[in-house]
Visitor: 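Quick one: this structure, given as structure tokens, is what I'll be asking you about.
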Amino acid sequence: MARTFCLLVLFALCRLGSAEAAISVTDARGEPVTLEAPATRIVALAPHAVELLYAVGAGEALSGVIAGSDYPPAAQALPRVGSYQGISLEAILSRRPDLVVSWLSGTPHAVTARLRGLGIPVYASEPRHLSDIPEELRELGRLTGHADRGEARAERFAARLAELRQHFARPPRVFYQVASAPLTTLGDGQIITQVIRACGGQPLFADSPVLVPQVSREALLAARPTVILAAGDDDAWQAAWQRWTTLPAVRDGHLYTLDPDEISRPGPRLLEGMAQVCRVLAEAATAQ
């Protein structure tokens with residue numbers, strides 16, 4: 001009887017230890033993701049997720065990434081499991097992942113559903129708010145055994161974000177150009193729109209019910225932007241605006257090109273893109 005009791009106690013203690021060792025976080029779906037131990041073989045299905053994982057010190061655990069994952073430079077040598085044109089389930093499985101980091105709005109649902117059905121943990125990443133980035137740094141740090149590094153990077157991000165925030169009595173009216181034909185911009189559900197607000201600007205057409213609204217020439221003329229921003233590798237896009245001389249942004253020369261990776265990837269480097277936005281909005285506000 002005494003031996004049986006001791007075995008039961010030992011079993012209970014082992015179960016307790018195992019429960020305490022488990023790691024659980026909540027992903028962008030609002031669902032729990034639980035690992036029995038830190039992930040050591042990770043497949044990341046979005047370039048921003050790759051950057052987040054390297055930031056928390058989990059770069060060496062990456063065994064597969066999606067095409068376009070080019071930062072930091074070490075990521076360029078990692079095996080590819082697909083692209084935005086298609087993701088290979090077989091390629092993912094060949095990497096034997098114990099964690100897959102997907103992009104909630106970018107990874108096909110059929111792929112993530114199949115992975116979960118096979119028992120592979122999938123953490124859905126979707127930083128749509130500036131505050132989501134430090135939270136995901138913390139969560140990915142915990143899932144990969146780098147909780148301290150994740151927390152440190154999250155605190156550093158939040159502190160720098162607070163430093164960059166600015167306010168103007170007369171906020172510059174900002175038009176962010178996504179494409180020129182048709183002319184499109186970003187709605188309120190996009191993180192770039194939040195960057196513009198945090199930098200003290202008024203993002204035009206942010207109240208649109210769609211994420212990427214089309215804008216007519218008449219609507220833009222009526223909105224009278226004082227700053228026009230676009231992401232690109234060069235300033236070639238600015239030439240098409242030069243005939244719109246009635247727009248304050250064109251008249252005053254407030255057209256600015258942003259680094260596409262820094263401003264569009266919701267990771268640590270977003271602060272570099274934000275610093276540029278804040279700088280040009282401060283210049284525009286001073287000139288008003």
Side-chain angles (χ1 to χ4, degrees), residues 25-33 42-56 62 64-71 75 80-89 91-92 97 99-117 120-140 143 154 157 176-179 182 184-198 203 205-215 230-231 258-271 273-274:
V25 304
T26 302
D27 70 2
R29 300 172 302 144
E31 297 292 334
V33 178
I42 306 168
V43 171
L45 302 180
H48 80 268
V50 173
E51 295 194 25
L52 288 168
L53 287 161
Y54 269 100
V56 301
L62 279 164
V65 298
I66 197 169
S69 302
D70 55 6
Y71 189 88
R80 268 42 182 169
V81 298
S83 67
Y84 291 121
Q85 296 180 332
I87 296 174
S88 169
L89 182 64
I92 295 175
L99 176 67
V100 172
V101 181
S102 71
W103 179 17
L104 183 60
S105 62
T107 305
H109 174 73
V111 172
T112 54
R114 182 63 175 147
L115 290 169
R116 292 188 179 101
I120 298 174
V122 178
Y123 174 92
S125 170
E126 184 82 351
R128 289 194 173 181
H129 303 277
L130 291 169
S131 60
D132 291 340
I133 296 174
E135 186 59 27
E136 290 206 5
L137 286 167
R138 292 185 178 96
E139 291 173 348
L140 291 173
L143 288 173
F157 185 97
Y176 185 86
Q177 176 183 302
V178 175
T184 53
T185 188
L186 297 177
D188 208 24
Q190 301 281 6
I191 202 165
I192 297 175
T193 305
Q194 297 175 38
V195 166
I196 293 170
R197 280 206 178 95
F205 309 105
D207 57 351
S208 172
V210 297
L211 289 177
V212 186
Q214 292 187 21
V215 179
L258 307 175
D259 182 290
D261 289 343
E262 291 179 357
I263 198 62
S264 63
R265 291 186 187 177
R269 287 195 299 162
L270 181 68
L271 292 179
M274 182 174 171

Visitor: Mind checking what makes side-chain hydrogen bond (donor to acceptor under 3.5 Å, both in side chains) contact with Asp188, not counting sequence neighbours?
Guide: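 Applying side-chain hydrogen bond (donor to acceptor under 3.5 Å, both in side chains) to Asp188 gives Arg197.
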Visitor: What heavy-atom pair brings Val33 and Leu143 nearest, and what distance separates the two atoms?
Guide: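 That would be O-CD2, 4.2 Å.
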Visitor: Once you round to the nearest 0.5 Å, how far does CG of Leu45 lie from CD1 of Ile87?
Guide: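 So the CG of Leu45 and the CD1 of Ile87 are separated by 4.5 Å.
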Visitor: Kindly compute the distance separating OH (Tyr123) from CD (Glu139), expressed to the nearest 0.5 Å.
Guide: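 Those atoms lie 3.5 Å apart.
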Visitor: To the nearest 0.5 Å, how far apart are CD1 in Ile133 and CG in Leu137?
Guide: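 Nearest 0.5 Å value for the CD1-CG distance: 7.5 Å.
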Visitor: Yes or no on side-chain contact (heavy atoms from CB on, under 4.5 Å) for Thr112 and Leu104, after CA distance, side-chain angles and deciding distance?
Guide: CA-CA 9 Å; Thr112 54; Leu104 183 60; over 6 Å; no
Visitor: Going by heavy atoms in the side chains, are Ile191 and Asp132 under 4.5 Å from each other?
Guide: no
Visitor: If you compare all heavy atoms of Gly273 against all heavy atoms of Glu262, which two are closest, and at what distance to 0.1 Å?
Guide: N-OE1, 3.7 Å
Visitor: Does any N or O in the side chain of Thr185 come within less than 3.5 Å of the main-chain N or O of Tyr176, such that one atom is a donor and the other an acceptor?
Guide: yes
Visitor: In the structure I gave you, are the side-chain heavy atoms of Val50 and Asp70 within less than 4.5 Å of one another anywhere?
Guide: no
Visitor: Hey, is the main chain of Ala91 close enough, under 3.5 Å, to the side chain of Arg80 for a donor-acceptor pair?
Guide: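 No, the answer is negative, given that no donor and acceptor are paired below the 3.5 Å cut-off.
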Visitor: Would you compute the distance between atom NE2 of His48 and atom OG of Ser69 and round it to the nearest 0.5 angstrom?
Guide: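 These two atoms lie 10.0 Å from each other.
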Visitor: Is the shortest side-chain heavy-atom distance between Leu186 and Val212 below 4.5 Å?
Guide: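 When only atoms from C-beta onward are counted, Val212 and Leu186 do touch, with a gap below 4.5 Å.
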Visitor: For Gln194 and Arg128, indicate whether the former's side chain and the latter's backbone hold a donor-acceptor pair under 3.5 Å.
Guide: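 Pair found, side chain donor or acceptor close to backbone of Arg128.
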Visitor: Does Arg114 have more than 12 heavy atoms from other residues, nucleotides or ligands lying within 6.0 Å of its CZ?
Guide: no
Visitor: What pair of heavy atoms forms the shortest contact from Ser125 to Val101, and how long is it?
Guide: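 Closest approach of Ser125 to Val101, heavy atoms only: CB-CG1, 4.2 Å.
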Visitor: Identify the heavy atoms of Phe157 and Gly267 that sit nearest to each other, and give their distance.
Guide: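 Closest heavy-atom pair between Phe157 and Gly267: CE1-O, 3.8 Å.
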Visitor: Measure across Ile192 and Ser264 and return the closest heavy-atom pair with its distance rounded to 0.1 Å.
Guide: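 For Ile192 versus Ser264, the nearest heavy atoms are CD1-CA, 4.3 Å.
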Visitor: In Å and rounded to the nearest 0.5 Å, what is the OG1 to CD distance from Thr107 to Glu126?
Guide: 9.5 Å
Visitor: Quick one: OG1 on Thr193 to NE2 on His129, what's the gap to the nearest 0.5 Å?
Guide: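 So the OG1 of Thr193 and the NE2 of His129 are separated by 11.5 Å.
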Visitor: Any side-chain heavy atom of Gln214 within less than 4.5 Å of one from Thr184?
Guide: yes
Visitor: Return the minimal non-hydrogen interatomic distance between Ala198 and Leu130, and the atom names on each side.
Guide: CB-CD1, 4.0 Å
Visitor: Are any of the side-chain heavy atoms of Tyr84 and Pro47 separated by less than 4.5 Å?
Guide: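 Touching, per the 4.5 Å side-chain cut-off.
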